[in-house]
Amino acid sequence: MMAPRLNRQLLLESPARVPDGAGGFTQSWMPMGSLWAEVTARTGREAAGVAAPMSRIAYKIIVRAAPVGAQSRPKPDQRFVEGDRVFLILSVTENDADGRYLICTAQEETVA
């Protein structure tokens, strides 16, 4: 097995509830650190959005592994950010038996 080519730097963010000042909460994103990754597009489809059609594209994102419970280990419902692009993490699994890399299945949504 060839080692992945980790050539893109992504910011890992975790959702955080922030008081909105009116007794409720809004969702914000808290940076957890940056990771180098290999990003590969998988499949795409068009979906109906509220104001316009949306393009949903699935990605396989490979990152170096981190121990379970470590802040740098991606989890579902977190996201990767690269500039204006946002990849919502759907699942995380180990890439190999040695646990050196993690495969994150992610989805990018863009307004068409």
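All residue numbers refer to positions in the sequence shown, counting from 1.
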Side chain to side chain contact (heavy atoms under 4.5 Å, CB included), that's the test. Do V92 and K75 meet it? Break it down for me. CA-CA 6 Å; V92 178; K75 294 182 249 182; 5.6 Å; no
Would E94 and L102 count as a side chain to side chain contact (heavy atoms under 4.5 Å, CB included) if you check the C-alpha gap in whole Å, the side-chain angles of each, and the deciding distance to 0.1 Å? CA-CA 4 Å; E94 293 177 345; L102 299 173; 3.9 Å; yes
For the pair F80 and C104, evaluate side chain to side chain contact (heavy atoms under 4.5 Å, CB included) and give the outcome as yes or no after the intermediate values. CA-CA 10 Å; F80 289 117; C104 302; 4.0 Å; yes
Please test L12 against I89 for side chain to side chain contact (heavy atoms under 4.5 Å, CB included), starting from the C-alpha separation and ending with a verdict. CA-CA 10 Å; L12 178 64; I89 301 170; 3.9 Å; yes
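The environment of R85 atom CZ is dense: over 12 non-hydrogen atoms of other residues, nucleotides or ligands sit within 6.0 angstrom. No more than 12 heavy-atom neighbours from other residues, nucleotides or ligands sit within 6.0 angstrom of CG on D77. Counting non-hydrogen atoms of neighbouring residues, nucleotides and ligands closer than 6.0 angstrom, the CZ atom of R8 exceeds 12 such neighbours.
Look at E13 and R79 and you find a salt bridge, because one of the NZ, NE, NH1 or NH2 atoms lies within 4.0 Å of a carboxylate O, short of that distance.
In the hydrophobic clustering of ILVMFWY residues, with side-chain heavy atoms under 4.5 Å counting as a link, Y101 and I103 come out together.
Taking all atoms of both residues into account, the shortest heavy-atom contact from E38 to L6 is N-CD2, 3.7 Å. Residues F87 and A106 come closest through the heavy atom pair CB-CB, 4.0 Å. In terms of heavy atoms, P76 sits closest to L90 at CB-O, 3.6 Å.
P74 has its side chain out of reach of I61: every pair of non-hydrogen atoms, C-beta onward, lies at least 4.5 Å apart. The side-chain heavy atoms of L10 and V39, taken from C-beta on, include a pair separated by under 4.5 Å.
Here R17 contributes atom CZ and T26 contributes atom OG1; the two are 9.5 Å apart, rounded to the nearest 0.5 Å. The distance from atom CZ of R73 to atom CE of M32, rounded to the nearest 0.5 Å, is 13.5 Å. Put simply, CG on N95 and CD1 on I62 are 5.0 Å apart, with the number rounded to the nearest 0.5 Å. Rounded to the nearest 0.5 angstrom, Q71 CD and S14 OG are separated by 8.5 Å.
With Q107 contributing its side chain and L88 its backbone, the two residues share no donor-acceptor pair below 3.5 Å. At distances below 3.5 Å, at least one donor-acceptor pair connects side-chain atoms of D20 with backbone N or O atoms of A22.
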